[in-house]
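Taking it in order: structure first as C-alpha cells, then the write-up.
FYI, side chains are in, hydrogens and waters are out, and symmetry mates aren't considered; it's all heavy atoms of this structure. A note on names: the letters A, B, ... follow the listed sequences, proteins ahead of strands, and every chain is numbered from 1.
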Amino acid sequence: MATTDTFYEAMRRQGISRRGFLQFCTITAATLGLAPGFAGRIAEAMETKPRIPVLWLHGLECTCCSESFIRSAHPLASDVVLSMISLDYNDTLMAAAGHQAEAILDEIRHQYKGRYILAVEGNPPLGQDGMSCIIGGRPFLDQLREVAADCQAVIAWGTCASWGCVQAAHPNPTQAVSIDKVIHDKPIIKVPGCPPIAEVMTGVIAYMLTFERLPELDRQGRPKMFYGQRIHDKCYRRPHFDAGQFVESWDDEGARKGYCLYKMGCKGPTTYNACSTVRWNDGVSFPIQSGHGCIGCSEKDFWDKGSFYDHVTDTRVFGIEANADAVGIAAAGTVGAAITAHAAASAVHRIKQRAGAQHTEDGQA
Amino acid sequence: MSMYTGVPTVKRTAVYVYQTPVRIWHWVNALAITVLAITGYLIGSPLPSLPGEASDHYLMGNIRFLHFAAGYVFLVGFLFRLYWAVVGNRYSRQLFTLPFWRRGFWSELVHELRWYAFQEPEPRKYVGHNPLAHLFMVVIITVGGLVMMVTGFALYSEQTGLGSWQDELFGWVIPAVGQSQDVRMWHHWGMWVIVVFVMLHVYTAIREDIMSRQSLISTMISGWRMFKDDRP
C-alpha cells in the first residue's frame with residue numbers, strides 16, 4: 001500500500017478539482033470552529049503532508065460507526081478523508097480478505113512503528129478468555145493490544161469503544177469493556193455516540209492531520225469542540241423549555257407545535273454531543289427535530305439509566321429499582337403519619353403525667 | 001463566711017447559646033432550603049405547559065433562576081457559618097464537630113432515643129444540642145449540605161461551561177459519579193432526605209419546646225436557652 005503521497009495528490013488522483021478541495025478545507029475549518037484563515041492551513045497541510053496510516057479495528061460492535069462515517073454530509077468529506085487517512089485496514093471497507101488482510105496489520109505495525117493511528121470501533125469482551133469476539137482465529141483483545149502497542153494515538157469510535165454501550169449493559173454476559181480499560185499507555189480520543197455524527201468523525205481526523213496533535217479533550221477524553229456542550233444548550237426547542245412549554249403526551253397540541261420534550265424523558269440536558277448544531281444526514285434533522293427526545297446515546301452506560309421516556313429516572317442500587325419521587329413522597333407520607341401518631345401519643349403521655357403529678361400533690365396536701 | 005452570706009443562691013436558668021449571626025443564618029438557611037426544595041422539585045417535574053408564544057413566558061427560566069439564587073445563598077451561608085464556627089462561641093462549633101469517640105455521647109444518645117420512645121420520665125438538660133439533634137445536624141446539614149452543594153454546583157457547571165470556576169471546582173464530580181443523569185438523580189434523592197429531615201426537625205422542635213425541660217423555638221429567635229426547672 002502506498003502511503004507516502006500527500007492527501008492533495010490522492011484527492012486529485014480521485015478526480016476532485018482544486019475548487020472542490022478548497023471547499024472541503026473551508027467546510028472542515030468551519031466544522032472545527034476555526035477562524036476562516038485556518039482553511040488555508042488545512043489546505044497547506046493536505047498538500048504537503050504525507051498521509052498518515054490508519055488501522056481501523058472492529059471489536060464487538062454493529063458497524064454503525066462505519067456506516068455513519070461513509071455518509072459524511074459534504075459529498076467529498078468521506079472520500080477525501082478516506083484517501084487522506086490512508087485507511088490501510090478496515091475489514092468492512094477493504095478489498096483484501098483473510099490472511100492477506102491480517103498481513104497488513106503486521107506490515108503497518110513494523111513499517112510505521114509509533115506513527116500510525118489506531119481507530120477502534122467496538123470493544124473487547126474479557127469474559128471466557130475473550131472468546132465472544134474472534135478475529136482471524138484469535139480473540140479481538142489480543143489483536144487490539146498488539147496493534148495498540150506501536151500506535152501513535154487511539155481513536156475510540158462510538159459509545160462501544162468509549163463507554164461499553166449495549167454489549168456492556170447490565171448484566172454484561174461477555175464482560176465487554178471500553179477500550180480505555182485495556183489500553184493504558186496511549187492517548188485515547190473518545191468520540192462517543194451510537195453512532196457518532198459523520199462530520200464529527202471526519203472533523204476529528206482532519207484536525208489531527210492538519211495540526212499534527214490531538215484535539216483538546218475534556219475530562220472524559222472527548223474532543224471539546226464537539227462534546228463541550230449539551231444537546232440542551234444549543235437545542236432549537238430550548239425557548240420552549242425556558243418558557244415552560246412542554247409536550248405532555250405524544251400527539252398532543254404541544255407535540256404538534258414543537259414544544260420541549262423534557263417531560264417525555266428527553267436526555268438533551270444530560271447529553272454531551274453536537275447533534276443540535278451539526279445535525280444528521282447533511283444537516284437535515286436530529287432526533288429532537290423529528291419529535292422524539294434524545295436518548296443520550298453518547299453518554300456513559302445510557303442503556304442502564306432507566307427509561308428513555310422518564311426525566312426522573314429509576315435508581316438501580318443494591319439490586320432495587322426505585323424512583324426518587326415515588327420513594328420520597330412515600331417516605332414523607334410515612335414520616336408525616338409517624339409524626340402525627342407520635343404527637344398524639346406525646347399528648348396522651350403528658351396528660352397522664354400531669355394527672356399523676358396532680359394526684360401526688362393532692363395526696364401531699 | 002464569704003461576703004455573699006444571706007444573698008439567695010443564683011440558679012442558672014438561662015444561657016445565651018445562639019449568637020445573633022447564627023440565628024440569622026438559621027432563618028436565612030431555612031428560607032433557602034424551602035425555596036431550593038420547591039423549585040428543585042419543579043425543575044424535575046415542571047408545572048403544566050403554558051399556552052401561547054414562547055416569547056411571552058419565562059416560567060421555567062424564573063424557577064431555575066430562583067433555584068440557582070437560593071443555591072448561592074445556601075453556599076455563602078454555609079461558608080459564613082464555617083467561619084463563625086471558628087470565631088463564635090463553643091455552641092457554634094457543634095454543627096461541624098461530632099464527639100464520636102466520647103462514650104458519654106452515645107449513652108446520652110440512647111437516653112434521648114428512650115425519651116422519644118416514652119421509656120424515660122424526662123429528658124436531660126442540654127445547653128447546646130441534645131446528642132440526637134447534634135447527630136442529625138452534622139449528618140444532614142453539614143454532610144448532606146456538602147453533598148447537595150457539590151452535586152448542585154456540578155450540575156450548574158454544565159451551563160456555565162467548560163473552564164468556568166464552577167466547572168474547575170466541581171466539574172470533576174460528574175465523571176466521578178458516572179454521568180450527568182446520575183448526578184441529577186442523587187441530587188434529587190438528597191432533596192427528599194432534606195424534606196424528611198425538615199419535617200422531623202420542625203416536629204421535634206415544637207414537641208421539645210412543650211415537653212422538654214428547656215426552651216427551643218424562642219431560643220432560635222432570642223438566642224437565650226431558658227430552663228424550666230433547676231434540677232440537674
(request) Look at H57(B), M191(B), R64(B), Q181(B) and state which one has the largest set of heavy-atom pairs under 4.5 Å with chain A. (result) Q181(B)
(request) Considering only NZ, NE, NH1 and NH2 on the basic side and carboxylate oxygens on the acidic side, decide whether K125(B) and D229(B) come within less than 4.0 Å. (result) yes
(request) Mind listing the closest non-hydrogen atom pair of K263(A) and E248(A) along with its distance? (result) NZ-OE2, 3.0 Å
(request) Can you tell which part of A343(A) gets under 4.5 Å to a heavy atom of chain B, answering side chain, backbone, both or neither? (result) both
(message) A side-chain contact here means heavy atoms from C-beta on lying under 4.5 Å apart; do M211(B) and W115(B) qualify?
(response) yes
(message) Is N323(A) close to chain B through its backbone or its side chain, or both, or neither, when contacts mean heavy atoms under 4.5 Å?
(response) backbone
(message) Below 4.5 Å, heavy-atom pairs only: which of W192(B), F118(B), Y116(B) has the largest tally toward chain A?
(response) W192(B)
(request) Output the residues of residues 151-172 of chain B for which the shortest heavy-atom distance to chain A is under 4.5 Å, in residue-number order; output 'none' if no such residue exists. (result) E158(B), Q159(B), L162(B), D167(B), E168(B), G171(B), W172(B)
(message) What part of E253(A) gets within 4.5 angstrom of chain B, counting heavy atoms only: side chain, backbone, both, or neither?
(response) neither
(request) Test H134(B) against every option in E108(B), E112(B), H129(B) by the side-chain contact (heavy atoms from CB on, under 4.5 Å) rule and name the one that passes. (result) H129(B)
(request) Name the region of K300(A), side chain, backbone, both or neither, that has any atom closer than 4.5 Å to a heavy atom of chain B. (result) both
(message) Can you confirm whether the side chains of D301(A) and Q179(B) place a donor and an acceptor under 3.5 Å from each other?
(response) no
(message) Please output the residues of residues 36-54 of chain B in contact with chain A, using a heavy-atom cutoff of under 4.5 Å, in numerical order.
(response) Y41(B), I43(B), G44(B), S45(B), P46(B), L47(B), P48(B), S49(B), L50(B), P51(B), G52(B), E53(B), A54(B)
(request) Please look at D56(B) and chain A and tell me whether the side chain, the backbone, both or neither of the residue comes under 4.5 angstrom of a heavy atom of that chain. (result) neither
(message) Taking E299(A) first and then K305(A), would you say they form a salt bridge - that is, a charged N and a carboxylate O separated by under 4.0 Å?
(response) no
(message) Does any backbone or side-chain atom of I206(B) lie under 4.5 Å from a heavy atom of chain A? Answer side chain, backbone, both or neither.
(response) neither
(message) Just so I understand: if I count every heavy-atom pair under 4.5 Å between each of D233(A), I329(A), D218(A) and chain B, which residue has the most?
(response) I329(A)
(message) We want to know whether D180(A) and S178(A) form a side-chain donor-acceptor pair, criterion being a heavy-atom distance below 3.5 angstrom.
(response) yes
(message) Please classify the contact between I210(B) and chain A as side chain, backbone, both or neither, with a heavy-atom cut-off of under 4.5 Å.
(response) both
(request) With the side chain counted from C-beta on, respond yes when L75(B) and F78(B) share a heavy-atom pair under 4.5 Å apart, and no when they do not. (result) no
(message) How close do G296(A) and F302(A) get, counting heavy atoms only, and between which atoms?
(response) O-CB, 3.1 Å
(message) Using 30° and 60° as the class boundaries, would you call the ring planes of F241(A) and F246(A) parallel, tilted or perpendicular?
(response) perpendicular
(message) Out of S346(A), A338(A), C260(A), return the one with the most heavy atom pairs under 4.5 angstrom to chain B.
(response) S346(A)
(message) Need one label for H349(A): side chain, backbone, both or neither, based on atoms under 4.5 Å from any heavy atom in chain B.
(response) side chain
(request) Decide whether S215(B) and T219(B) meet the rule of one side-chain donor and one side-chain acceptor closer than 3.5 Å. (result) yes
(request) Under 4.5 Å heavy-atom distance to chain B, tell me which part of K267(A) shows up: side chain, backbone, both or neither. (result) side chain
(request) Please report the shortest heavy-atom distance between S298(A) and W163(A), naming the atom on each side. (result) O-NE1, 3.0 Å
(message) If we define contacts as heavy-atom pairs under 4.5 Å, which of A324(A), G228(A), A332(A), G244(A) has the most with chain B?
(response) A324(A)
(message) Using heavy-atom distances under 4.5 Å, tell me whether R238(A) contacts chain B through its side chain, its backbone, both, or neither.
(response) side chain
(message) For T159(A) versus C297(A), what's the shortest heavy-atom pair and its separation?
(response) OG1-O, 2.6 Å
(message) Does any backbone or side-chain atom of H342(A) lie under 4.5 Å from a heavy atom of chain B? Answer side chain, backbone, both or neither.
(response) both
(request) For atom CG of D251(A), decide whether the heavy atoms of other residues, nucleotides or ligands shown that lie under 6.0 angstrom number more than 12. (result) no
(message) Under a 3.5 Å threshold, yes or no: a donor from one side chain and an acceptor from the other, between Q220(A) and Y272(A)?
(response) no
(request) Run the ring-centre check on F136(B) versus H201(B) and record whether the distance is less than 6.0 Å. (result) no
(request) Answer yes or no: is there a side-chain heavy-atom contact under 4.5 Å between F197(B) and V139(B)? (result) no
(request) Report the option among V247(A), T334(A), V335(A), D325(A) that has the most heavy-atom pairs separated by less than 4.5 Å from atoms of chain B. (result) D325(A)
(message) Parallel, tilted or perpendicular: which one describes the rings of W303(A) and F308(A), with boundaries at 30° and 60°?
(response) tilted
(request) With a 4.5 angstrom heavy-atom cut-off, could you sort out which part of Q229(A) is near chain B: side chain, backbone, both or neither? (result) neither
